[in-house]
Amino acid sequence: MPHLQFETTADLVPAEKREFADDVTELYADRMGTGTGHVAVTIRALEDGEFSLGRLESGVPAVMLNADVRAGRTDEQKRSFVVDAFDVAHDRWNVPTENMYAVLTEHAGEEFHEYGRTLSSWDADEAEEGAN
């Protein structure tokens, strides 16, 4: 049950956030070999001055991705997702790629809780089974 948290200084309307969330959910499922029904995406549009990254110029949009993901994915899977998500932010929100930063934090599957169960750590068999 990943949580993909995007913070940006891009000026967004709700429809743009929904479309982006749908795109990144599909992208995550594809790159990470899982379903979409459990992928949580939050998007926070921040005002200029509410986001600091040393190299940013004032008024130029930026994106920060914090992702909590289940352990078990390869470095290639994680890197592919991050770069492709950044490409979506660049294309949709006109954020320069040098103004993007991501941190992925891996958790054992048992740290992810739904009401009736906890998850297990991810393994490649899950991708083949199409499991959530």
Checklist entry - So, Gln77 side chain and Thr74 main chain: donor-acceptor pair closer than 3.5 Å or not? => result yes

Checklist entry - So which heavy atom on Thr36 is nearest to which on Ala29, and how close? => result CG2-CB, 3.6 Å

Checklist entry - Does the Asn99 side chain pair with the main chain of Pro61, one donor and one acceptor, at a distance under 3.5 Å? => result yes

Checklist entry - Is there a side-chain contact between Arg31 and Lys78, using heavy atoms and a 4.5 Å cut-off? => result no

Checklist entry - CZ of Arg44 to OG1 of Thr8: how many Å apart, nearest 0.5 Å? => result 12.5 Å

Checklist entry - Given side chains that start at C-beta, do those of Val103 and Met64 come closer than 4.5 Å, heavy atoms only? => result yes

Next on the checklist: Please tell me whether Val63 and Val60 are part of a single hydrophobic cluster in this structure, the criterion being side-chain heavy atoms less than 4.5 Å apart.
Outcome noted: no

Item to check | OG1 on Thr105 to CD on Glu111, rounded to 0.5 Å | outcome: 10.5 Å

Checklist entry - Would Glu19 and Arg92 count as a side-chain contact (heavy atoms from CB on, under 4.5 Å) if you check the C-alpha gap in whole Å, the side-chain angles of each, and the deciding distance to 0.1 Å? => result CA-CA 9 Å; Glu19 290 170 1; Arg92 286 189 171 269; 3.2 Å; yes

Next on the checklist: Has Glu26 got a side-chain atom pairing as donor or acceptor with Asp23's backbone, closer than 3.5 angstrom?
Outcome noted: no

Checklist entry - Under 4.5 Å between any side-chain heavy atoms of Val82 and Asp84, yes or no? => result no

Next on the checklist: Just verifying a value: how many Å separate Asp11 CG and Asn94 CG, rounded to the nearest 0.5 Å?
Outcome noted: 12.0 Å

Next on the checklist: Counting only heavy atoms from other residues, nucleotides and ligands, does the tally under 6.0 Å from CD of Glu114 exceed 12?
Outcome noted: yes

Next on the checklist: For a quick test of reading the model, state the closest non-hydrogen atom pair linking Val24 to Ala85 and the distance between them.
Outcome noted: CG1-CB, 3.9 Å

Next on the checklist: With heavy-atom distances below 4.5 Å as the criterion, would you say the side chains of Val95 and Met100 are in contact?
Outcome noted: yes

Item to check | Check: Arg70 and Phe112 side chains under 4.5 Å, non-hydrogen atoms | outcome: yes

Next on the checklist: Contact between Leu65 and Tyr101 at the side-chain level, heavy atoms closer than 4.5 Å - yes or no?
Outcome noted: no

Next on the checklist: A side-chain contact here means heavy atoms from C-beta on lying under 4.5 Å apart; do Thr34 and Tyr28 qualify?
Outcome noted: yes

Next on the checklist: Is there a side-chain contact between Phe20 and Ile43 in this structure, where contact means two heavy atoms from C-beta onward sitting under 4.5 Å apart?
Outcome noted: yes

Checklist entry - Under 4.5 Å between side-chain heavy atoms, hopping through other hydrophobics if needed: is there a path connecting Leu53 to Leu46? => result yes

Checklist entry - What's the verdict on side-chain contact (heavy atoms from CB on, under 4.5 Å) for Leu27 and Phe81, showing C-alpha distance, side-chain angles and the deciding distance? => result CA-CA 7 Å; Leu27 184 64; Phe81 168 70; 4.1 Å; yes

Next on the checklist: Taking Glu76 first and then Arg79, would you say they form a salt bridge - that is, a charged N and a carboxylate O separated by under 4.0 Å?
Outcome noted: no

Checklist entry - Atom OG1 of Thr97 and atom CG of Asp91: how far apart are they, to the nearest 0.5 Å? => result 10.5 Å

Next on the checklist: Would the distance check show the side chain of Arg55 and the main-chain N or O of Glu98 forming a donor-acceptor pair, the cut-off being under 3.5 Å?
Outcome noted: yes

Next on the checklist: Please check: side-chain N/O of Thr25 versus main-chain N/O of Val39, any donor-acceptor pairing under 3.5 Å?
Outcome noted: no

Checklist entry - With a 4.0 Å cut-off, would you call Arg73 and Glu106 a salt bridge? => result no

Checklist entry - Is the side chain of His107 donor-acceptor paired with the backbone N or O of Val69 at a distance under 3.5 Å, no angle test? => result no

